[in-house]
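Notes to accompany the following structure.
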Amino acid sequence: MDFDDFNKWAFKELGINLEAYKQEQLNRRITSLMSRVGIKDLNEYKKALLSDEDQKQKFLDFITINVTEFFRNTELFKELESNIKKDLLPKNNKLKIWSAACSIGCEPYSIAMIMQEISPTGKHSIIATDIDSTILKKAKEGVFGEADIKNVQKNILDKYFIKEDKKIIVNKNIRSMVTFKKHDLIVDKYEKDFDLIVCRNVVIYFKNDVKKVIFQRFNESLKKGGLLFVGATESIYNYKEYGFEKVSTFIYKKV
Ligand SMILES: C[S@@+](CC[C@H](N)C(=O)[O-])C[C@H]1O[C@@H](n2cnc3c(N)ncnc32)[C@H](O)[C@@H]1O
């Protein structure tokens, strides 16, 4: 069995479309994961994934790389905040926001805190999605560690987090602003009418043709004038092709 066959099998049995991810990087990750558990052959690995739920979860976690933190690239979040104030809030106090590929929730909670700061009386909704149901469960709980909050300013920390022993918990009000849902950016339908889509540090793992489709679909999911905020290594060169204008290196507006 080669990686192509393995990808087909994984789609059928595990529902994850590995063909959409950059193959070299992905194959290196699978090989490294197999060697960690002492398996040399994809066939044998397939059997292990089917018979051992724990192994299967480790595989999905490892493939989908969950690294995140609150206010990741702080200066870019400042830029986002100023564009929300300037472009979105003057027209609407019920913004519909999507944090796509949200991992354990640092990103949508950061956005909820920004909205609470700049528009406390607004009725904004934040949908946060990820392909990985285990991390979504963790995200809903809102419990974090020191490393996750290293970019959080003291006043925000005091206002929106509760400290219990070593646990740092996002307060109930902020948690209630975010709805978590399972969603695969490659195979699932996209909701419409968003004012803001935040999708950071996931499309870098996808092949170019897949990335193109995703940007196109984000454009269709936004309202006219809506914003797309991407990761610090993911600026879109041919943004016009997808119907965007450039607001800044990492923020695009639907024309
Ligand atoms: C590196 S994290 C990014 C988290 C957050 N957006 C940030 O920038 O801090 C990548 C996330 O993408 C998710 N992911 C990977 N493939 C996905 C897919 N096809 N659809 C939705 N989410 C996916 C992973 O589960 C992981 O939580």
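In listed order, ligands and their atoms are each counted from 1.
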remark   = of all protein heavy atoms, closest to atom 19 (N) of ligand 1 is D184 OD1, 3.0 Å
inquiry  = If you define the side chain from C-beta out and look only at heavy atoms, does anything of L185 sit under 4.5 Å from Y190?
reply    = yes
request  = Among all protein heavy atoms, pick out the one at the shortest distance from atom 3 (C) of ligand 1; state its residue, atom name and that distance to 0.1 Å.
outcome  = R200 O, 3.5 Å
message = Does E75, at its CD atom, have more than 12 non-hydrogen atoms belonging to other residues, nucleotides or ligands within less than 6.0 Å?
response = yes
ask   = Among protein heavy atoms, which sits nearest to atom 2 (S) of ligand 1, and what does the distance come to when rounded to 0.1 Å?
value = I65 O, 3.2 Å
request  = Give me the ring orientation class for F218 and F215: parallel if the planes are under 30° apart, tilted from 30 to 60°, perpendicular past 60°.
outcome  = tilted
ask   = Considering only the protein, which heavy-atom contact is closest to atom 20 (N) of ligand 1, and what is its distance?
value = L185 N, 2.9 Å
ask   = Are K85 and E117 close enough for a salt bridge, meaning some N to O gap below 4.0 Å?
value = no
ask   = For N201 and ligand 1, does the shortest N/O to N/O distance drop below 3.5 Å?
value = yes
query = Picking from Y252, F250, F77, F244, what satisfies ring pair (Phe, Tyr, Trp, His ring centres under 6.0 Å) with F229?
reply = F77
ask   = At what distance is the nearest protein heavy atom to atom 24 (C) of ligand 1, and which residue and atom is it?
value = T64 O, 2.9 Å
ask   = Quick one: does R72's side chain have a donor or acceptor within less than 3.5 Å of a partner on A232's backbone?
value = no
task = Tell me which protein heavy atom sits closest to atom 23 (C) of ligand 1, plus the residue, atom name and distance to 0.1 Å.
result = I131 CG2, 3.4 Å
message = Out of all atoms in ligand 1, which are within 4.0 Å of some heavy atom of S103? Include the element for each.
response = 4 (C), 27 (O)
task = Could you check whether the rings of F144 and Y109 sit parallel, tilted or perpendicular, using 30° and 60° as the cut-offs?
result = perpendicular
request  = Give yes or no for whether the N/O distance cutoff of 3.5 Å, strictly under, is met between E69 and ligand 1.
outcome  = no
request  = Would you check whether V202 has a nitrogen or oxygen atom less than 3.5 angstrom from a nitrogen or oxygen atom of ligand 1?
outcome  = no
message = Looking only at side-chain N and O atoms, does N201 offer a donor or acceptor that is under 3.5 Å from a partner on E107?
response = no
key: Passing candidate, salt bridge (charged side-chain N to carboxylate O under 4.0 Å, His left out) with D87, options K223, K224, K253   = K253
inquiry  = Geometry only, no angles: is I135 polar-contacting ligand 1 at N/O separations under 3.5 Å?
reply    = no
ask   = Just by distance, do the side chain of K182 and the backbone of I131 share a donor-acceptor pair under 3.5 Å?
value = yes
remark   = Counting from 1 in the order shown, the ligand 1 atoms closer than 4.0 Å to a non-hydrogen atom of T68 are 4 (C), 5 (C), 7 (C), 9 (O)
task = Within a distance under 4.0 Å of any heavy atom of H183, pick out the atoms of ligand 1 and give their elements.
result = 20 (N), 21 (C)
key: For atom 7 (C) of ligand 1, closest protein heavy-atom neighbour   = R72 NH1, 3.3 Å
query = How close does the nearest protein non-hydrogen atom get to atom 13 (C) of ligand 1, and which residue and atom is it?
reply = D130 OD2, 3.3 Å
task = From the options F229, Y21, Y205, select the one whose nearest heavy atom is closest to atom 17 (C) of ligand 1.
result = Y21
